[in-house]
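Order of the sequence lines sets the chain letters (A, B, ...), proteins ahead of strands, with each chain counted from 1.
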Protein chains: 2
Amino acid sequence: MLTDSQRKTLNFIRVYIANNGYAPKLQEIAEGIGIRSRGVVHRYVQALVDAGYVENTLGKHRGLRLREKTGLAGQIPFLGRIAAGKPIEAIPEQDEISLPNFFTGEQQFAVRVVGDSMIEMGILDGDIVIIESRDTAKNGEVVVALIDNEEATLKQLEHTNEGLVRLIPANQKMEPMLYQPEQVRIQGVLVGSLRRY
Amino acid sequence: MLTDSQRKTLNFIRVYIANNGYAPKLQEIAEGIGIRSRGVVHRYVQALVDAGYVENTLGKHRGLRLREKTGLAGQIPFLGRIAAGKPIEAIPEQDEISLPNFFTGEQQFAVRVVGDSMIEMGILDGDIVIIESRDTAKNGEVVVALIDNEEATLKQLEHTNEGLVRLIPANQKMEPMLYQPEQVRIQGVLVGSLRRY
DNA sequence: AGAATAGAGAACATTAAGAGAACTTTCAAG
DNA sequence: CTTGAAAGTTCTCTTAATGTTCTCTATTCT
């Protein structure tokens with residue numbers, strides 16, 4: 001169980017290594033977390049070593065290395081934001097992503113997307129999308145819709161002024177389709193997506 | 001049987017831990033449930049301990065732990081494949097996806113992408129990408145690269161025949177960039193992405 | 001009225017954070 | 001190879017923050 005300062009220290013080390021490729025000096029850590037004493041930093045680092053997050057080559061300059069902490073599955077260190085042309089920018093407050101907690105919600109299911117119909121919204125062939133089971137949706141939401149009780153499709157929803165339902169693919173090569181409301185049954189609404197390379 | 005305030009306290013602790021991965025301080029609980037007195041919070045927490053909902057490491061900061069099963073979370077029913085114009089097609093071998101085990105691998109970290117430079121590969125502004133720490137990559141892989149030891153960027157990698165390194169954005173509006181090999185340090189390789197709507 | 005619940009806040013004990021001195025080791029410039 | 005500055009290590013001391021234990025007051029419900 002890390003203390004606040006220890007966690008802050010670990011986070012700084014991770015971001016530093018991601019940005020520089022080598023470990024920080026104690027002095028740099030001190031400045032990074034906003035204190036002055038190298039001795040104090042050393043104490044925090046030692047705690048991280050004891051807790052298994054970090055390895056230390058004793059005495060060597062920049063001798064810290066990150067260790068794979070084999071704790072709970074699905075916890076991934078979150079470093080911050082990456083924008084082209086800048087170093088990775090740390091975000092205080094959040095230092096880990098919990099995959100189980102990332103998609104929280106009631107009544108969800110997952111499907112694998114086949115085809116390119118939503119490619120312009122960044123949903124590619126093979127992606128897995130997380131859907132929240134619902135039978136209604138607002139304009140603009142992306143839904144899993146069942147058409148004529150036989151075809152399922154993932155499209156953006158629009159209720160037209162004429163009382164019809166339009167299902168809009170995110171792909172210039174495809175045309176939106178118009179349906180009578182009773183033809184279309186909404187099965188759920190898109191709440192997330194994930195992809196593995 | 002918990003009182004209203006005790007339930008409120010328990011709920012706050014659950015949400016806090018789910019969001020942060022560690023327990024709140026009494027002061028934070030107090031603010032969270034809208035009161036001022038740490039002493040009162042302590043009384044509620046003690047009641048939760050007595051009722052078996054929570055464990056406490058005496059005296060330690062952030063020493064609370066939930067006694068609930070947290071391991072089962074993160075399973076989402078997997079219905080199969082959805083292709084426009086067909087029913088959802090069940091895949092017999094798999095009926096659940098396990099979020100904690102979705103990204104398995106050594107030395108991973110996550111960053112939030114800022115900007116549209118990879119938009120044509122389905123990585124949008126705000127997406128979170130999972131990176132596996134490595135210092136080498138093959139042609140075609142998407143990497144976090146450190147340029148001149150100061151800029152970090154997410155681009156597709158290509159080693160040219162001339163021995164140079166090309167970093168290619170997935171965005172027609174942006175140009176690939178050529179670098180000397182010693183200018184570019186590879187920090188990791190893209191292995192996954194996730195997005196929440 | 002009496003009991004249960006809620007809240008404030010003082011007082012105290014302990015933990016955690018931080019400064020900085022003193023010492024040892026590493027490392028790079030001569 | 002030598003040497004001195006810089007880095008890592010080990011301390012002691014101080015302070016700030018947090019958890020713990022009280023007492024007191026108010027409110028609600030039976």
Please determine if a side-chain N or O atom of [X] lies less than 4.0 Å away from the OP1 or OP2 oxygen of [N].
X        : N       : answer
Lys60(A) : dC27(C) : yes
His61(A) : dT26(C) : no
Tyr44(B) : dG7(C)  : yes
Asn56(A) : dG8(D)  : no
Thr3(B)  : dA4(C)  : no

Between [N] ([atom2]) and [X] ([atom1]): distance, integer Å:
X        : N       : atom1 : atom2 : value
Gln46(A) : dC11(D) : CD    : C1'   : 14 Å
Glu31(A) : dA19(C) : CD    : P     : 12 Å
Gln27(A) : dA5(D)  : CD    : P     : 17 Å
Leu48(B) : dT5(C)  : CG    : P     : 13 Å
His42(B) : dT23(D) : NE2   : C1'   : 16 Å
Ile33(B) : dA6(C)  : CD1   : C1'   : 10 Å
Leu58(B) : dT18(D) : CG    : P     : 17 Å
Glu28(A) : dG8(D)  : CD    : C1'   : 13 Å

**Message:** Please check this pair: side chain of Arg62(B) against backbone of Ala23(B), looking for a donor-acceptor N/O pair closer than 3.5 Å.
**Reply:**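 Here the side-chain-to-backbone pair exists.
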**Prompt:** Side chain of Asn171(B), backbone of Met118(B): donor and acceptor closer than 3.5 Å?
**Reply:**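 Answer holds: no.
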**Message:** Looking at Glu68(B) and Arg14(B), is any side-chain nitrogen of the basic one under 4.0 Å from a carboxylate oxygen of the acidic one?
**Reply:** yes
**Salt-bridge present (Arg38(A), Glu31(A); N to O < 4.0 Å)** =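 A salt bridge is absent here (no side-chain N lies under 4.0 Å from a carboxylate O).
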**Which residue lies more 5' along DNA chain D, comparing Arg62(B) with Val40(B) via nearest heavy atoms** = Arg62(B)
**Fill in**
Of Arg38(A) and Asp4(A), the one whose nearest nucleotide on DNA chain C sits closer to the 5' end is Asp4(A)
**Upstream residue (5' side of DNA chain C) when Gly59(A) and Ile35(A) are each assigned their closest nucleotide** =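 Counting from the 5' end, the first nearest nucleotide belongs to Ile35(A).
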**Asked** Is any side-chain N or O of Ser37(B) under 3.5 Å from a base N or O of dG7(C), one able to act as donor and the other as acceptor?
**Response** no
**Message:** How about CE on Met177(A), more than 12 heavy atoms from neighbouring residues, nucleotides or ligands closer than 6.0 Å, or not?
**Reply:**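 Open: at most 12 neighbouring heavy atoms sit under 6.0 Å from CE of Met177(A).
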**Request:** Measure from the side chain of Arg43(B), starting at C-beta and using heavy atoms only, and say which of dA8(C), dC27(C), dT20(D) lies closest.
**Result:**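 Nearest to the side chain of Arg43(B) among the choices is dA8(C).
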